[in-house]
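Given the structure is predicted, the values throughout are model-derived calculations rather than measurements. Residue numbers start at 1 and run along the sequence shown.
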Amino acid sequence: MYTYKYPHPALTVDAIVFAREEGRTKVLLIERKNEPCKGCWAFPGGFMNIDETAEEAVVRELEEETGLRLNKLNQIGAFSRVDRDPRERVVTIAFFAVIDKAVEVAGGDDASKAEWHDIKRLPELAFDHSDIIKEAIKRAKFLF
């Protein structure tokens, strides 16, 4: 097997799902079950498998961690701040979707909980997710 001279970053995906309910906009968050950031709120997401596209990975991670199955999410972009994840060098590709109402969700896999939160009253978010949601809101604004 060939070994590259230079280290490679890991690749993750994050799903930012917005829902409109009673005139308010909510976002789907999970409470992390494992370190790093155990007990903190974050977007559903995780590491991309070697045999899947980013689009396939975000659909899989969203369903594994919340039970919500969406077949299409819109790409926001890549987030690559060097210190964004304490485990290793990680770049994430973030995606968003807007659905008509907050449907029932449940924590699974790496999530101890999955809940909808009002975007005007968000808890402190893990990693760089506060930066990501700002960009997601800009991109999804026309859909609200």
- May I ask you to say whether Asp85 pairs ionically with Arg87, meaning some side-chain N is under 4.0 Å from a carboxylate O? yes
- Carefully, step by step, assess Glu61 and Met48 under the rule side chain to side chain contact (heavy atoms under 4.5 Å, CB included). CA-CA 9 Å; Glu61 285 287 348; Met48 192 170 88; over 6 Å; no
- Taking every non-hydrogen atom, the tightest pair across Thr25 and Phe18: CG2-CD2, 4.0 Å
- Task: Return yes if some donor-acceptor pair links the side-chain N/O of Arg24 with the main-chain N/O of Ile119 below 3.5 Å, else return no.
- Result: no
- Query: Can you check whether Glu64's main-chain N or O pairs, donor with acceptor, with Arg60's side chain at less than 3.5 Å?
  - Reply: no
- Measure from the side-chain N and O atoms of Asn49 to the backbone N and O of Asp51, and report whether any donor-acceptor pair falls under 3.5 Å. no
- Over all atoms of both residues, closest heavy-atom pair of Thr66 and Ala114: CG2-CB, 4.0 Å
- State, yes or no, whether a side-chain contact exists between Leu29 and Leu125 at a heavy-atom distance under 4.5 Å. yes
Identify every side-chain donor-acceptor pair in residues 100-107 under 3.5 Å, counting partners at least two apart or on other chains, and give the distances.
unit_1	atom_1	unit_2	atom_2	d
Asp100	OD1	Arg20	NH2	3.4

- Item | Parallel, tilted or perpendicular, as decided by the 30° and 60° cut-offs, for the rings of His129 and Phe43 | parallel
- Task: Report the C-alpha distance between Phe96 and Glu135 in whole Å, list the side-chain angles of each, state the deciding distance to 0.1 Å, and finish with yes or no for side chain to side chain contact (heavy atoms under 4.5 Å, CB included).
- Result: CA-CA 10 Å; Phe96 80 93; Glu135 191 62 32; over 6 Å; no
- Query: Using 4.0 Å as the upper bound for N to carboxylate O, is an ion pair formed by Lys38 and Glu35?
  - Reply: no
- Message: For Leu73 and Glu55: C-alpha separation, side-chain torsions, deciding distance, then whether side chain to side chain contact (heavy atoms under 4.5 Å, CB included) applies.
- Response: CA-CA 8 Å; Leu73 290 95; Glu55 292 78 10; over 6 Å; no
- Using atom types as modelled and distance alone, determine if a side-chain donor or acceptor of Thr92 lies under 3.5 Å from a backbone N or O of Phe79. no
- Note on the structure: Taking every heavy atom of Ala15 against every heavy atom of Val58, the minimum-distance pair comes out as CB-CG2, 3.7 Å
- Note on the structure: For Lys33 and Ala111 the tightest heavy-atom approach is CE-O, 3.8 Å
- Message: Can you confirm whether Pro36 sits close enough to Phe127 that some side-chain heavy atom of one is under 4.5 Å from a side-chain heavy atom of the other?
- Response: yes
- Short question: side chain of Glu65, backbone of Gly45 - any donor-acceptor pair under 3.5 Å? yes
- Message: Strictly below 4.0 Å, N to O, side chains only: are Asp131 and Arg84 in salt-bridge contact?
- Response: no
